[in-house]
Amino acid sequence: LTMAFGLYTVCVSSFATVYGHRLALQGPTGSVERAVAIMMKQRNGIFVTFGLSMLFLVLGAIFMAWIKMGVSAGGVTAVFGLFFLSLVRKHQD
């Protein structure tokens, strides 16, 4: 899932960047405002998919630590994962 969300994020952000600027520069009158509105609309979805990609990356690391190194190493990585989630929650406000 990490790779899927990451690839989706890269594709959508690249598409919005390339075609948003193209619309702003080569479009008819008023196209700059339209391009900005479209890019701002895509912004939230891009941030959410990037956050989900990072969340699944951390979860994958925690599960791999539990499988390969046992419960104690998994517990340590879980603490770091919870720290990561608390930082994400703190910076959402």
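Model, not experiment: these values are computed from the prediction.
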Engineer: For a quick test of reading the model, state the closest non-hydrogen atom pair linking T2 to L57 and the distance between them.
Structural biologist: OG1-N, 3.2 Å
Engineer: Can you get from L52 to V58 by hopping between Ile, Leu, Val, Met, Phe, Trp and Tyr side chains that sit under 4.5 Å apart?
Structural biologist: yes
Engineer: Only pairs at least two apart or in different chains count here, so list each side chain to side chain donor-acceptor pair (under 3.5 Å) that has a residue in residues 39-50.
Structural biologist: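 Qualifying pairs, neighbours excluded: T9-T49.
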Engineer: Looking at residues at least two apart in the chain, or sitting in another chain, which of them share a side-chain contact (heavy atoms from CB on, under 4.5 Å) with F80?
Structural biologist: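 F80: side-chain contact (heavy atoms from CB on, under 4.5 Å) contacts with V76.
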Engineer: Can you tell me which residue pairs pass the side chain to side chain donor-acceptor pair (under 3.5 Å) test with a partner in residues 60-76, sequence neighbours excluded?
Structural biologist: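 Passing the test, one end in residues 60-76: no pairs.
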Engineer: Please list, chain by chain and in numerical order, all residues satisfying side-chain hydrogen bond (donor to acceptor under 3.5 Å, both in side chains) with S53, sequence neighbours excluded.
Structural biologist: none
Engineer: Applying side-chain hydrogen bond (donor to acceptor under 3.5 Å, both in side chains), can you list everything that pairs with E33, at least two apart in sequence or on another chain?
Structural biologist: none
Engineer: Would you please name every residue forming a side-chain hydrogen bond (donor to acceptor under 3.5 Å, both in side chains) with R22, sequence neighbours left out?
Structural biologist: Q26
Engineer: Between L7 and L55, is there shared hydrophobic-cluster membership here, with clusters defined by ILVMFWY side-chain heavy atoms closer than 4.5 Å?
Structural biologist: no
Engineer: Rounded to the nearest 0.5 Å, how far does CZ of F56 lie from CE of M3?
Structural biologist: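 So the gap between those two atoms works out to 14.5 Å.
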Engineer: Shortest non-hydrogen contact from G20 to A35?
Structural biologist: O-CB, 3.4 Å
Engineer: Check for me, please, whether F63 and M54 land in the same ILVMFWY cluster - side-chain distances under 4.5 Å, paths through other members count.
Structural biologist: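 Cluster IDs for F63 and M54 match.
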Engineer: Please round to the nearest 0.5 Å and tell me the distance separating atom CG of L1 and atom OH of Y8.
Structural biologist: 14.5 Å
Engineer: Got a sec, which hydrophobics cluster with F83, joining ILVMFWY side chains under 4.5 Å apart, including via others?
Structural biologist: L87
Engineer: Side-chain heavy atoms nearer than 4.5 Å, only ILVMFWY residues, links allowed to pass through others: does that put I46 and V88 together?
Structural biologist: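 Shared cluster, no.
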Engineer: Under 4.5 Å side-chain heavy-atom separation, chaining through any Ile, Leu, Val, Met, Phe, Trp or Tyr, what else clusters with L23? Say none if it is isolated.
Structural biologist: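 Besides L23, the hydrophobic cluster comprises I38, listed by chain and residue number.
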Engineer: Compute the centroid of each ring, for F50 and then for F5, and state whether the two points are separated by less than 6.0 Å.
Structural biologist: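 Ring-ring flag for F50/F5: false, centres at least 6.0 Å apart.
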Engineer: List for me each residue that meets ring pair (Phe, Tyr, Trp, His ring centres under 6.0 Å) alongside F15, sequence neighbours excluded, and say none if there are none.
Structural biologist: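 Partners of F15 under the ring pair (Phe, Tyr, Trp, His ring centres under 6.0 Å) test: Y19.
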Engineer: State which residues pass side-chain contact (heavy atoms from CB on, under 4.5 Å) with A73; sequence neighbours excluded, sorted by chain then number.
Structural biologist: M69
Engineer: Give the other cluster members for I67, using side-chain heavy-atom distances under 4.5 Å between Ile, Leu, Val, Met, Phe, Trp and Tyr residues; answer none if it is isolated.
Structural biologist: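 Members alongside I67: none; it stands by itself.
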Engineer: Linking I/L/V/M/F/W/Y whenever any side-chain heavy atoms sit under 4.5 Å apart, do L59 and M64 land together?
Structural biologist: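 No, L59 does not connect to M64 through the hydrophobic network.
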Engineer: Using a 4.5 Å cut-off between side-chain heavy atoms of Ile, Leu, Val, Met, Phe, Trp and Tyr, which other residues end up in the same hydrophobic cluster as V79?
Structural biologist: none
